[in-house]
Each structure stands twice: as C-alpha cells, then as structure tokens.
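Step one of this worksheet: look at the structure below.
Note that ligands are numbered from 1 as they come in the structure, with each ligand's atoms numbered from 1 the same way. We number each residue from 1, following the sequence as shown.
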Amino acid sequence: MTGVVPEARARLPSIDRLLAAPEALALIERHGRTAVVEAVRAAVDEARARLAAGAGAGAADAGSGLLERAAAIIEARLRPSLRPVFNLTGTVLHTNLGRALLPQPAIEAAAGAMGRPVNLEYDIDGAGRGERDSHVEAWLARLTGAEAAVAVNNNAAAVYLVLNTLARRREVVVSRGELVEIGGSFRIPDIMAAAGCRLVEVGTTNRTHARDVEGAIGKSTAAIMKVHASNYAITGFTAAVPEAELAALAHRHGLPLVNDLGCGMLVDLEDYGLPHEPTAREAIAAGADLVTFSGDKLLGGPQCGLIVGRADLVARIRRNPMKRALRLDKIRLAALEAVLRLYADPERLPSTLPTLGFLTRPRAELRALAERVAPPLAAALAGRAEVRVVDCDSQIGSGALPVATLPSAGLALTPAGKRRSGAADALARALRALPVPVVGHIRDGAVILDLRCLDRADEFVAQLDRLRFAGNAS
Ligand SMILES: *Cc1c(COP(=O)(O)O)cnc(C)c1O
C-alpha cells in the first residue's frame, strides 16, 4: 500500500496465520468462516492504515490485538440495528419510536401468521372470505357504522388511494386551514399532486365558510376533502364548515365528502376520562362518504391505514391497481384483526390495549413508580446528577390532540456541579448508551424521564449498573 513503510507492513501477520490461531478457530466455530475472514481482513486493513499514518505499533501486540479487534468487528456487525428502547419521552405515540405497542393477543396472532400458511385470500367455508380485507372488514364496519372497509400500508397510503381513485386528473376542494403537514414527509398538497389531483384551496387560514366551498365547485370537481388538523390548532377568530353541513353541501352537488381523520379513534376517549378525539363513527354519522385513519395511532394496532365508508366507493378503491401495491401483509392483518377483536369489550380496553393503558395511567401511579425508581437511579448516578421526582405533562403524540396534555410524573436528572453547557446532553447520551437505550428529553439543563410509558421497571433498574460516562471511568 502506498505510504506504508515496507518493514512496518511486514510486521503485520498474514491473514492465514491469524486464522490458524486458536482464538480465530473459536471465532469461526461461533460465527462461521466467511464472517471471521471478512472481519480479520478489516482488522488488518485498519492496522495497516494506522501504520501508514505513522502510528507504529510493535509487531507482537499488533498481532494479538488484531483478533480481538476482529471479534469486536463481528459483534458490532451482528448487533441488531432495530432494537428495543425505553420511551420515556413523554410522548405516548412517538412516531420515531414506532408508535403503538401491540397487545399480547396481536403479537401472538402476528407470530402465528408468520410461520404458517393462513387463509389470507382463501375461502375455506364458502362464506365469501376470499378477499384479504374480509378478515377485518366486518369488525371495522361494526365499529364505525360504515358499509365497507379497506386496509392498506398506512394512512398516507389510504389518503393517496382514495384521492387517486376518486379524483385523478380532477379537482379536490380543501379548506386553506386544513393543508396539513405531518412530520415533513406527509403534506396534503404533495399527496394530492402525487395522486394526480388538482388541489383547489378555499377560504383563509383561519376561516372557511360554506359559500367558499360551494363557490369552488365546478365541472372538474371530483370530491370535497376534510382533513383533521391533527398536529396543530387554529384558535381565536376562526370558522370551519361543520362536517354535517359540508356533507350535505357535497351531496347536493353529487360529490363525495372524504374525511382524513388522522387518528380516527374507534371509541370515545371521554369514556376513559381523556379529552375528546373525533371518532370514525362520528365522521361516518356526520355524512362522510369515505373516512381514512391510521392503525398505529390511537387505535393501538400495527402500522396500517384504514379506509371506511360507502360500499360502492370502497369497491372502486379495491379495483385500483395501486391497492395491490399498498395492501397489507398477512402479519399485520393478523395483528389488526386481533386488536379489533379487543374493541368488542370496550370497558376493558385500558387493561387490554397498551396505548389506552398508557394514556389512562393516573399521575398518582406514575409518582409512586418514580419514587420506586429514583433511589437506584440516584445510586447509579452518584456524584454525577441529582435525581428528583417531578410532575410533568405527557403528550399523546402522532398528531392526536396537539394541545391536550396528560398530567404525568417522572424524574428530573440535574447534572451535578457547576452548570456546564452540554452536561445534560452528556447525561442523555449515557442513558442512550445503556443496553436498552433510555430516551428522555432535555429541559432547562436537566434530563426529564417521563414514566408514563415505563412498563418494564425491573428491567430498567437492572441495567442501571451499566451506566458509563464518556471521558473518565465511573
Ligand atoms: C398521521 C396522519 C396522516 C398520516 O398517517 P400515517 O399512518 O402516518 O401514514 C395523515 N393525515 C393525518 C390527518 C394524520 O394525522
């Protein structure tokens, strides 16, 4: 290699010699020859580059260090990239942390479908179950009052499919106050364009009236769309056309009303002491012809998008070739069916559905949990940070009830000593470096761990002795 002093390169043992060492044979026994050869090559390449850079090492320690380094390379390579974490962010449905956690029956149903053939599109008893959506359609119809239902990859796909089916090369009327962006990659104007529709914006940001909508309807209009302002609130001097009035208006002109609910809960959250979030049933009752919502937001199921509404429109959606591209796989269908089955017993949902369980956890319970977890955490952080039990406010997340918060409790970790900038960041980094990374948030120079979603407290505590800080040993 260029730049390597020949004599230094000669000091590196050959790959063959390294592979013949007993430690290498043990590695091969465990990981297979291919992986070990690759890792040993990578380790030798690194050492060679170091020698070239002038950081000369003695021949003997270069040789023994190489196999250790190879073992570390293999381990790093085999470590799963997608790993469990503790979501102590205070956001229950955290999109970046995978949103809803599935209930045990759904996990079992999904696992069952993974390893065995299933009647995905196979009519076993002649009861008309040859269509994959049939496994969830009756449940969705019962739970929303809709005639028919389709399940696809996510709500973005649901919105796309609805628009592309009903309004390709035509116009869709939407209020300016509802041109939502969800997390950057989903924006109503962009999805409209991708679906081949022309967006006709009406009204103003804060006020849209029936006459605005009516005035925009023309020969090319294919649908009127309502989008739930899921991650923001327009307050003050505002006006929106009530859903029932919008539906009546649409129907007077022979147009369908499409309602993108975002969350689209299947039960009334007020029954569980939570703030109201529009339900899919309410949207159907108000006259929407098609309603779209996510499966992994408040519904508490796997990632999917659900379209419920008129049977004739749903039939058209099924015939759209893009349905095939966006359809749900058997694993998630199995999970979704199992989750929907839990809704047959709504009173028990807070204990059967993890999402609702987290949302309804009372502050007193979270305070007690914080009191229990604080001492071992304080011991693990001794001298580094002060640990206090604090009240905080959780958010639902994923665009549900953007302004509502849930009274919660957790721990505030304040770095010890003088207020160094970056001390809280370092603390947060150390927590994320644990075997099961702990993800909190930083506020006012402290790391806040909201305990609303802590469901394996013993596992959380048991790993605390692995806390390590960069720089000096602890
Ligand atoms: C969340 C949301 C979407 C996107 O749903 P995904 O399931 O994330 O694709 C679309 N519209 C609204 C109103 C939403 O709240």
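Atom numbering of ligand 1 starts at 1 in the shown order; those under 4.0 Å from a heavy atom of Ser294 are 5 (O), 6 (P), 7 (O). Which parts of ligand 1 touch His228 is read off a 4.0 Å heavy-atom cut-off, strictly below it: atoms 13 (C). Of all atoms in ligand 1, listed by their number and element, those nearer than 4.0 Å to a heavy atom of Phe186 are 10 (C), 11 (N). Within ligand 1, the atoms closer than 4.0 Å to a non-hydrogen atom of Arg99 are 6 (P), 7 (O), 8 (O), numbered from 1 in the order shown.
Judged purely by distance below 3.5 Å, without hydrogens or angles, the side chains of Asp260 and His228 never pair a donor atom with an acceptor atom. The closest side-chain donor-acceptor pair between Asn87 and Arg452, if any, does not fall under 3.5 angstrom. At a cut-off of 3.5 Å, with distance as the only test, no side-chain donor of Asp450 or His441 sits close to an acceptor on the other residue.
At a heavy-atom cutoff of 4.0 Å, ligand 1 is contacted by the side chain of Lys297 but not by its backbone. Neither the backbone nor the side chain of Glu178 has any atom closer than 4.0 Å to an atom of ligand 1 (non-hydrogen atoms only).
Heavy-atom separations between Lys226 and ligand 1 are all 4.0 Å or longer. Residue contacts with ligand 1 do not include Val159, since none of its heavy atoms lies under 4.0 Å from the ligand.
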Steps toward salt bridge (Lys or Arg N to Asp or Glu O under 4.0 Å) verdict (Glu147, Arg310): CA-CA 6 Å; Glu147 293 171 359; Arg310 263 166 54 189; over 6 Å; no
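Of the possible polar contacts, none joining the Glu171 side chain to the Arg198 backbone as a donor-acceptor pair under 3.5 Å is found.
Considering both main-chain and side-chain atoms, Asp296 never comes within under 3.5 Å of ligand 1 through any nitrogen or oxygen pair. Here's the thing with Asn155: one of its N/O atoms is less than 3.5 angstrom from an N/O atom of ligand 1.
For the side chain to side chain donor-acceptor pair (under 3.5 Å) condition, no pair includes a residue of residues 109-118, sequence neighbours left out.
For Phe358, there are no ring pair (Phe, Tyr, Trp, His ring centres under 6.0 Å) partners, not counting sequence neighbours.
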